[in-house]
Amino acid sequence: MILVECKSIPTSESYFITTPIYYVNDVPHLGHAYTTIVCDTLARFMRLDGREVLFLTGTDEHGQKVEKSANLSGETPLDFTNRVSQRFRELTKKLQISNDDFIRTTEQRHIQASQAIWTALNQSGDIYLGSYSGWYSIRDEAFFSENELIKPKGSSGQLLAPSGAPVEWVEEPSYFFRLSNWQQRLLDFYDKNPSFILPESRRNEVISFVSGGLQDLSVSRTSFQWGITVPGDSNHIMYVWLDALTNYITASGYPDTGSALFEKFWPANIHVVGKDILRFHAVYWPAFLMSAGLEPPQRVFAHGWWTVEGQKMSKSLGNVVEPFELVERFGLDPIRYFLLREVPFGNDGDFSESGLVHRVNSDLSNDLGNLSQRVLSMIFKNCGAALPTPGEFSEDDNTLLAKMGGLLKQVRTAMEQQLCHRALEDIWVLVRAANTYVDHQAPWGLKTSDPERMNTVLYVLAESLRHTGILIQPFMPNSADKLLEQLGVPDDERDFSHLNKSSCLVPGKTISQPEGIFPRILNDTHF
């Protein structure tokens, strides 16, 4: 028996991936779930590929917007943030997220790190005291120049930020960061690191923005108190974005840059963010880091937004998709698959229940679910509930085996570019090829005419399911576990290093009674 070997490249190289830390002025929605699921999928993939992973998520809990939300709810800012932050922790549990750390910006370790980076920026000469007057959006926690603002038609003078949030004129003493000094250095950095910002369209936007000229950035406020105090000046609170961005190095051990944790995981491999906060991560953050004598992250990937039935999610429209309810209704793995497969990562996407039902029924129930049920049922019924012993492989067998052998390399390439949808497309090429193979080989008719050939066909199909089951683990961990369990694949033989000929299924090993893995959605949420 000769199988085509898939060469895996397990490595001890570290991998640090982050979600943005989520702002606690409101409860989690579909957008939060999407970003977190994507990062979880990437983290799981890298662990299975032999890398040591640090996966960080958490909550951003300071700023004027949080202070106002707390006041409106009749709570202290700390009580408010404790309550809402807990909902984000609960979301990670509901989505079975495999994060290694959950950071809150109200933690002492983060306050220490934020004040340390402020001190480093000050020592570099990039901080000075002045007075700020300009337009500020509380909702965005961002400053905007007048030429960036929007004046809606028919407005009586109300100006809006590019996001549509109202802005107000602010005048107060402020410390500034000399961002203007970093224009050319940032452009040089982008030029030397062309994959620092993805997708390409977002990179072009950032370069255009920086090329248009950078103004010094106000990095402190005096008009509210809910934040981290500027070192040496208790009248000033650190700008919420300088505070928030620092979370990434807090979790990697900063300010102890000589620690094993920091040396292993910084710079981060990737920050995954929504496109609305790209500027903070791709312009301000690398400038802060380089000014403090630290390396910038290797990549910032800005994904798109989800609409619902073609409309922006809005409380007033009543169309906000609540992830807890969604998982209860449709199950976790179907939701994960839909979000990861439906839209090329980086693009905007539209969520609809009909689209979800179609995707689950077509790809999961019809393609992979039907394949696994047919193959495992035939083995259970016709082979004494044990994996069959194959004979000589035919050309058709070797063609399917070759698809398995080359699949990890393709999927790895897609995942290194954060293209989860493409990785799933590549895996489904094998799933569909296996379905075509089983139809052409018709093993159900071989039991009496050629039982040896039936055994070979079923063994090849079982191997295709093993490869598929191992590769879909990052995307649908529960369903993958069920499939691999039914095949009898041991827990310690499920990482990518076992996608090779020495780890093939052992003929004669008993399998369990097959059970459906991907039930069809028949009517809304009834399976």
Side-chain angles (χ1 to χ4, degrees), residues 1-6 358-407 410 424-472 476 479-480 482-489 499 501 503-522 527:
M1 176 175 66
I2 300 175
L3 291 181
V4 176
E5 182 169 6
C6 173
H358 173 75
R359 179 66 74 179
V360 170
N361 286 346
S362 176
D363 293 6
L364 299 185
S365 182
N366 289 357
D367 288 346
L368 182 53
N370 190 42
L371 174 68
S372 60
Q373 186 69 12
R374 285 203 292 175
V375 171
L376 292 171
S377 294
M378 282 188 281
I379 292 174
F380 192 84
K381 179 181 178 182
N382 298 330
C383 304
L387 294 169
T389 300
E392 285 294 318
F393 292 131
S394 69
E395 182 177 348
D396 287 344
D397 302 336
N398 284 322
T399 296
L400 186 57
L401 291 168
K403 287 185 183 297
M404 301 177 212
L407 188 52
Q410 292 176 260
L424 285 168
E425 288 172 4
D426 291 337
I427 295 169
W428 249 250
V429 169
L430 173 61
V431 172
R432 293 189 177 111
N435 272 306
T436 299
Y437 171 87
V438 72
D439 288 340
H440 287 172
Q441 299 300 322
W444 49 85
L446 295 172
K447 184 174 183 180
T448 54
S449 63
D450 193 344
E452 182 178 346
R453 179 61 190 157
M454 178 197 71
N455 288 342
T456 303
V457 169
L458 291 177
Y459 183 86
V460 170
L461 286 165
E463 242 329 271
S464 75
L465 289 174
R466 183 180 77 90
H467 275 72
T468 301
I470 288 174
L471 284 168
I472 65 170
M476 294 176 287
S479 302
K482 290 179 183 178
L483 177 56
L484 294 171
E485 190 68 29
Q486 291 187 39
L487 284 165
V489 179
L499 290 172
K501 62 184 180 181
S503 299
C504 291
L505 294 168
V506 178
K509 186 171 184 176
T510 302
I511 68 167
S512 58
Q513 174 75 49
E515 297 179 2
I517 299 170
F518 298 107
R520 186 176 182 82
I521 302 177
L522 300 176
F527 291 89

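All values derive from a computational prediction rather than experimental measurement. Along the sequence shown, residues are numbered consecutively beginning with 1.
- A donor-acceptor pair under 3.5 Å is absent between the side-chain atoms of Thr468 and the main chain of Leu465, judged by distance alone.
- At a threshold of 4.0 Å, the pair Arg432-Asp363 counts as salt-bridged, since one of the basic side-chain nitrogens sits closer than that to a carboxylate oxygen.
- For the pair Ser372 (side chain) and Gly369 (backbone), a donor-acceptor distance under 3.5 Å is present.
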For residues 443-450, dump all side-chain donor-acceptor pairs below 3.5 Å to protein atoms at least two apart in sequence or in another chain.
residue: Ser449; atom: OG; partner: Gly445; partner atom: O; Å: 3.2
residue: Asp450; atom: OD1; partner: Arg453; partner atom: N; Å: 3.1

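- Side-chain atoms of Asn361 come within 3.5 Å of backbone atoms of Ile521 as a donor-acceptor pair (strictly under, hydrogens ignored).
- Heavy atoms only, all atoms of each residue included: Asn366 and Asn370 are closest at O-CB, 2.9 Å.
- Side-chain contact between Val438 and Leu458: absent, with no pair of heavy atoms (C-beta onward) separated by less than 4.5 Å.
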Just distance, no hydrogens or angles: give the donor-acceptor pairs under 3.5 Å from side chains in residues 375-390, sequence neighbours left out.
residue: Ser377; atom: OG; partner: Gln373; partner atom: O; Å: 2.7

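- Between Arg466 and Glu463 there is a salt bridge, since a side-chain N of the basic residue sits under 4.0 Å from a carboxylate O of the acidic one.
- Interatomic distance, OG of Ser503 versus CD1 of Ile470, reported as 7.5 Å (0.5 Å rounding).
- Residues Met404 and Leu471 have side chains not in contact (no heavy-atom distance under 4.5 Å, counting atoms from C-beta outward).
- Residues Asn435 and Arg374 are in side-chain contact: their nearest non-hydrogen atoms beyond the backbone lie under 4.5 Å apart.
- Every side chain to side chain contact (heavy atoms under 4.5 Å, CB included) that Asp396 has, sequence neighbours left out, goes to Ser394, Tyr437, Gln441.
- From Leu484, atom CG reaches atom OG of Ser479 across 10.5 Å, with rounding to the nearest 0.5 Å.
- Counting heavy atoms from C-beta on, the side chains of Leu407 and His467 never come closer than 4.5 Å.
- At least one side-chain heavy atom of Glu515 sits less than 4.5 Å from a side-chain heavy atom of Gln486.
- When every heavy atom of Gly391 is checked against every heavy atom of Glu452, the shortest pair comes out as CA-OE2, 3.9 Å.
- Rounding to the nearest 0.5 Å places CG of Leu461 at 7.0 Å from CG of Leu400.
- Although no hydrogens or angles enter the test, the distance criterion places a donor-acceptor pair under 3.5 Å between the side chain of Lys509 and the main chain of Gly488.
- Within the 4.5 Å cutoff, no side-chain heavy atoms of Val457 are placed close to those of Val460.
- Between Phe518 and Leu371 there is no side-chain heavy-atom pair separated by less than 4.5 Å.
- Taking each heavy atom of Lys403 and Leu430 in turn, the nearest pair found is CB-CD1, 4.3 Å.
- Just one residue in the list Leu364, Ile472, Leu424, Asp367 forms a side-chain contact (heavy atoms from CB on, under 4.5 Å) with Val431, and that residue is Asp367.
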